[in-house]
Amino acid sequence: MSQATSKAHQQAGSLWSSRMAFILAAVGSAVGLGNIWKFPYITGENGGGAFVLVYLACIAIVGIPVLIAEVMIGRRGGQSPVASMRELTATEGTRKGWRLIGWNGIVASFLVLSFYSVIGGWALVYVFKAASGMFTGADADAIGGTFGGMLASATDLLLWHSVFMAIVIFIVGRGIRSGMERAINTLMPLLFVLLFIMVGYAMTTGKFGEAVSFMFSPDFSKLTTEGILTALGHAAFTLSIGIGVMMAYGSYLPQKVNIARTAMTIAVLDTGVALMAGLAIFPLVFANGLEPGAGPGLIFVTLPLAFGQMSGGVIFGTLFFALLLVAALTSAISMLEPVVEWLEEHKGISRAKSALGGGLAIWLVGVGTVLSFNNLADFHPLAFIPFFEGKTIFDLLDFLVSNLMMPLGGLAIALFAGWAMKRQGLDQEIGLKGGVYSAFMFVLRFLTPAGIAVVFLYNLL
Ligand code: PFF
């Protein structure tokens with residue numbers, strides 16, 4: 001579209017250097033704690049197979065179409081999510097209400113980073129723990145104790161949350177391209193290799209078959225309505241969609257890149273990493289008599305056990321948590337991007353100052369999550385509503401962003417791209433032709449919104 005070429009980023013020449021660079025950055029955003037930390041533990045909590053099946057269906061019906069639509073909107077708008085949506089509502093002649101998509105994005109990416117950074121801090125400490133050799137020969141109780149001890153100390157968690165945020169602020173403050181492409185380029189493939197090694201190790205535990213059937217033979221009696229909502233939310237969370245992050249990244253995407261093909265690549269890689277993480281972790285869970293539904297600590301108590309038993313475990317363990325940290329950082333960076341882009345454009349604040357100011361505010365909100373694992377572990381702010389009874393500050397933030405703001409943002413994006421935008425030239429912009437394009441539009445216009453709506457109605461009734 002020639003109109004997009006006139007937009008800010010395209011003019012300023014601050015585009016991704018190539019399709020590959022964009023894929024790396026988008027995969028960097030998508031692949032993160034969501035795949036390796038969250039996917040296994042929510043799969044465990046929701047009983048395995050049936051949850052995984054619903055999750056995969058959500059990726060296909062909601063995740064991929066919304067990812068395509070969001071990147072397309074970002075490239076057409078060519079600016080921060082808020083500015084892009086303002087521009088597009090004008091040029092496409094739609095209602096102004098659609099601009100809420102941009103605002104939802106700024107608020108949600110702000111909130112998600114506040115708790116993501118705390119978990120990123122866990123990955124950071126575990127690099128040092130693994131390197132110290134403390135897992136070597138340790139049993140499940142000792143390793144569980146180490147994790148529990150870490151959570152119990154508010155000052156430790158706060159320190160690691162602070163270090164993690166400082167790194168994010170530093171990288172984002174330096175600008176979108178420098179550093180990031182290079183880091184993702186070399187470290188992401190290494191993460192894949194290491195996951196393969198972990199799956200290979202898991203095969204030697206004798207419980208691989210049990211894990212495969214846990215993950216892939218669906219038992220629908222174990223699936224709750226909240227579990228279905230969690231699966232939908234996670235499909236959005238893991239692909240970083242619905243809150244403007246992919247829109248912000250799309251705004252730097254060169255016009256010649258095929259969006260549909262690129263989005264498929266991102267989704268396949270992202271889903272592959274999550275499934276591999278599950279296949280690495282569940283055999284260990286069963287082999288060591290651990291509880292699959294143990295919650296957010298799952299990978300921090302299972303993987304160290306494996307590293308403690310395998311030869312070369314100190315090296316593998318250190319490398320694994322270092323790569324998990326990098327995966328977390330490349331996702332965290334993408335969450336700060338919409339906030340910074342907005343501060344730069346709307347408030348005229350320099351990139352470095354925007355990153356610092358925005359980052360500090362996010363850090364402050366993150367203190368609530370830090371405390372929800374220790375001093376405020378018994379504080380349930382919405383206890384008066386039965387559904388939220390046992391939820392801590394962290395649980396509520398995660399629920400609000402992952403299960404509400406991201407899927408609803410995704411719904412709005414699907415409706416905007418499918419119904420409100422002009423159809424002319426859209427096939428070219430997306431990079432699909434003929435029947436495939438028609439099929440895609442059918443999914444985006446009908447199946448995606450219906451899928452999201454059904455999950456929400458089901459949960460409300
Ligand atoms: N997709 C990331 C992960 O799976 O870890 C998390 C994430 C990144 C969520 C960016 C939201 C976001 F905007």
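Just follow the structure's listing: the first ligand is 1, and inside any ligand the first atom is 1. Note that this is a predicted model, so its numbers are computed, not measured.
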Test ring pair (Phe, Tyr, Trp, His ring centres under 6.0 Å) on Phe399 and Phe387; report intermediate values, then the result.
CA-CA 11 Å; Phe399 186 87; Phe387 186 77; 5.5 Å; yes

Do Leu408 and Phe456 have side chains that approach each other closer than 4.5 Å (heavy atoms only, starting at C-beta)?
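In short, these two side chains touch, coming nearer than 4.5 Å.
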
Under 4.5 Å between any side-chain heavy atoms of Arg75 and Phe22, yes or no?
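Result no, sub-4.5 Å side-chain heavy-atom pair not found.
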
Does Lys38 qualify as a cation-pi partner of Phe237, given the criterion of NZ or CZ under 6.0 Å from the six-membered ring centre and within 45 degrees of its axis?
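Yes, a cation-pi geometry.
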
Would you confirm whether Asn46, through its side chain, and Ile42, through its main-chain N or O, come within 3.5 Å as a donor-acceptor pair?
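Checked: pair present.
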
Using atom types as modelled and distance alone, determine if a side-chain donor or acceptor of Ser29 lies under 3.5 Å from a backbone N or O of Ala25.
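Checked: no pair found.
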
Can you produce the list of protein nitrogen or oxygen atoms under 3.5 Å from a nitrogen or oxygen of ligand 1, alongside each distance?
unit_1: ligand 1; atom_1: 1 (N); unit_2: Ser29; atom_2: O; d: 3.1
unit_1: ligand 1; atom_1: 1 (N); unit_2: Ala30; atom_2: O; d: 3.0
unit_1: ligand 1; atom_1: 1 (N); unit_2: Phe237; atom_2: O; d: 2.8
unit_1: ligand 1; atom_1: 1 (N); unit_2: Thr238; atom_2: O; d: 3.2
unit_1: ligand 1; atom_1: 1 (N); unit_2: Ser240; atom_2: OG; d: 3.0
unit_1: ligand 1; atom_1: 4 (O); unit_2: Ala30; atom_2: O; d: 2.9
unit_1: ligand 1; atom_1: 4 (O); unit_2: Gly34; atom_2: N; d: 3.4
unit_1: ligand 1; atom_1: 4 (O); unit_2: Asn35; atom_2: OD1; d: 3.3
unit_1: ligand 1; atom_1: 5 (O); unit_2: Leu33; atom_2: N; d: 3.1
unit_1: ligand 1; atom_1: 5 (O); unit_2: Gly34; atom_2: N; d: 2.7
unit_1: ligand 1; atom_1: 5 (O); unit_2: Tyr116; atom_2: OH; d: 2.5

